[in-house]
**Q** 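Quick one: structure below, then a few questions.
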Amino acid sequence: MEVVSLVNGCSGNTAGKVIICKAAVAWGPGEPLVIEQVRVDPPQKMEVRVKILFTSICHTDLSAWKGENESQRAYPRIFGHEAVGIVESVGEGVTEVAAGDHVIPLFNGECGVCRCCKNPNTNSCEKLGVDPTKSTMILDGKTRFTTADERRQPIYHFLNTSTFSEFTVLDSACVVKIDSEAPIKKMTLLSCGLSTGVGAAWNTANVEAGSTVAIFGLGAVGLAVAEGARARGASKIIGVDVNPQKSIIGKQLGITDFINPRDSDKPVHEKIMEITDGGVDYSFECVGNLEVLRTAFLSTYIGYGTTIMLGIHTSPKLLPLHPMELFSGRKVVASVFGGFKGRTQLPHFAKQCMEGVVKLDEFITHELPFDKINDAFQLLMDGKSLRCLLQI
Ligand code: CXF
Ligand code: ZN
């Protein structure tokens, strides 16, 4: 097969050829990513090869990179699932996108034909839904990345996307075309964090005007929940975080009240009960901590309050609830990708973002060149960034 190397920036016609380009490869849990040349195979049947323009880091990348969940370990691997790019070429049978289209990668794909895709009440996809344990393409169980040296070692995929690379190959169910007029850099946010948070408020909870909300964990996802709740007209949006800095950015993004558990003279749920006269209508757990999840549950109004779980838990654990507690009428639900069906619903959300329904700029706290990806990981770990955009 013909090979084209992009080492010196040469491009030309690359369709049907192996591309040698730059990627950030994880060689082991917690080891700094290595920027190196990798081989990227052409897209196969119903696959798409995308030139990634911008990518950013989400906590899911962080926890997978650390190897926090054993069943998800596969190295070498290319992480990354929040990005935006341009279609370079498409494989046999792909009709919905073409070379040159601006696309958002979807870690939670939408095949469009399975029972879940046909059901309007879920954004699960039986074929290409999110699966952190999967590390190869579904067509043949192989990788499209290999090392550029003579060993040609397979490099594993991550979350259907693997965006920490100049080029990546995705199943066509895992890309959605966006308006070429959309501000491409900001559209990166829609690939995970912003859609996950705003969608959790809009689609999963269906926050109504005048309702009350508590958000535990004010990272990008938690703050996107706040933006979603603000846009819906929630009357009280309580942010809870141990980092006092979050009250400042929180106030710019819809938070009306801030609680730092470390400064609180009483359990946080009691404080929330007090300021909302009995509990919030909706609480969102964006940390991935069982104790926090219980507090979020206890913060909702007895009889109908709903807790939406967004934080990821690193190893299999049980919910911190006695089953009888659910007879109180309180509910707990989880939300993936904000309940959005990626291919059918994201273009409309992108349009709403362009119209200014939710704020985007505030979420981009840093920008760095791709080569500085390890610094961007550090910023996120230190709680200093919401999103650091990496230009590839
Ligand atoms: C997560 C949601 C839970 C499974 C892994 C991906 N979402 C985005 O980061
Ligand atoms: Zn994510």
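Hydrogens, waters and symmetry mates play no part in the numbers below; they use all other heavy atoms, side chains included. Everything quoted here is computed from the prediction, not taken from an experiment. Each ligand, and each atom within it, is numbered from 1 in the order the structure gives.
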**Q** Could you tell me whether the side chain of Thr55 and the main chain of Ala83 form a donor-acceptor pair under 3.5 Å?
**A**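 No, the answer is negative, given that no donor and acceptor are paired below the 3.5 Å cut-off.
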**Q** Measure up the Phe337 and Phe340 rings against each other and bin them: parallel (under 30°), tilted (30 to 60°), perpendicular (over 60°).
**A**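 Phe337 and Phe340: perpendicular rings.
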**Q** Say whether, by atom type as modelled, one donor and one acceptor occur between the side chain of Lys359 and the main chain of Gln252 under 3.5 angstrom.
**A** yes
**Q** Side-chain contact, heavy-atom cut-off 4.5 Å: Leu319 with Met309?
**A** yes
**Q** Is the shortest heavy-atom distance from the side chain of Leu159 to the side chain of Thr60 under 4.5 Å?
**A** yes
**Q** Does NZ or CZ of Arg330 lie under 6.0 Å from the centre of the six-membered ring of Tyr301, at an angle within 45° of the ring axis?
**A** no
**Q** Between ligand 1 and the protein, which N/O pairs are shorter than 3.5 Å?
**A**
{"from": "ligand 1", "atom 1": "9 (O)", "to": "Thr60", "atom 2": "OG1", "distance (Å)": "2.5"}
{"from": "ligand 1", "atom 1": "9 (O)", "to": "His81", "atom 2": "NE2", "distance (Å)": "3.2"}

**Q** Within the 4.5 Å heavy-atom criterion, are Ser162 and Phe145 side-chain neighbours or not?
**A**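 Yes, their side chains come closer than 4.5 Å.
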**Q** Among Leu128, Val130, Thr161, find the one that has a side-chain contact (heavy atoms from CB on, under 4.5 Å) with Asn108.
**A** Val130
**Q** What protein N, O or S atoms come within a distance below 2.8 Å of the Zn ion (ligand 2), ordered by chain and number?
**A** Cys58 SG, His81 NE2, Cys192 SG
**Q** Angle class for the Phe79/Tyr75 ring planes (parallel below 30°, perpendicular above 60°, tilted otherwise)?
**A** perpendicular
